[in-house]
Amino acid sequence: MTRGGSNRLLTVEEVAAWLRVSEATVRNKYRAWGIKPQKVGRLLRFRERDIANYLEEHYG
């Protein structure tokens, strides 16, 4: 993955696996973490680059 990540949309399940937290944690905390979701109908999706940037800023 290039620095900053890609525009690929990740599901809540994929983000939870990447961050090693539960899906409920992602759903409840994404606002506090400052990660903007992309809505696909009623579903939440997150841009890979937004997650990568969050990790770099907070844990990089």
Next item on the list: For residues 20-36, pull every pair meeting salt bridge (charged side-chain N to carboxylate O under 4.0 Å, His left out), keeping only residues two or more places apart or in separate chains.
Entry: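 Residue pairs with at least one partner in residues 20-36: Glu23-Arg27.
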
Checklist line | Which residues share a ring-ring contact (aromatic ring centres under 6.0 Å, His included) with Phe46, sequence neighbours left out | finding: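 For Phe46 the ring-ring contact (aromatic ring centres under 6.0 Å, His included) partners, ignoring immediate neighbours, are Tyr30.
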
Checklist line | Atom pair CD/CZ of Glu14 and Arg45 - distance to nearest 0.5 Å | finding: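 Going from CD on Glu14 over to CZ on Arg45, the span is 8.0 Å.
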
Note to self: Testing the basics here: between Arg8 and Leu10, what is the closest heavy-atom pair and its distance to 0.1 Å?
What the structure shows: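 Looking at all heavy atoms of both residues, the shortest contact is NH2-CD2, 3.0 Å.
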
Next item on the list: Name all residues meeting the side-chain contact (heavy atoms from CB on, under 4.5 Å) criterion together with Leu55; count only those two or more places apart in sequence or in a different chain, and write none if there are none.
Entry: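 So Leu55 forms a side-chain contact (heavy atoms from CB on, under 4.5 Å) with Trp18, Leu19, Ile51, Tyr59.
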
Notebook entry, point to check: Can you name the side-chain contact (heavy atoms from CB on, under 4.5 Å) partners of Ala32, sequence neighbours left out?
Noted result: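 Here no residue qualifies.
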
Next item on the list: Check whether any side-chain heavy atom of Trp33 lies under 4.5 Å from a side-chain heavy atom of Thr25, and answer yes or no.
Entry: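 Heavy-atom side-chain distance check passes, below 4.5 Å.
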
Next item on the list: Indicate if Val15 and Leu9 have the same hydrophobic cluster label, given that clusters are the connected sets of ILVMFWY residues with side-chain heavy-atom separations under 4.5 angstrom.
Entry: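 No, separate clusters.
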
Next item on the list: Using modelled atom types only, decide if a donor and an acceptor are shared between the side chain of Arg47 and the backbone of Asn7 within a distance under 3.5 Å.
Entry: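 Yes; at least one donor-acceptor contact below 3.5 Å.
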
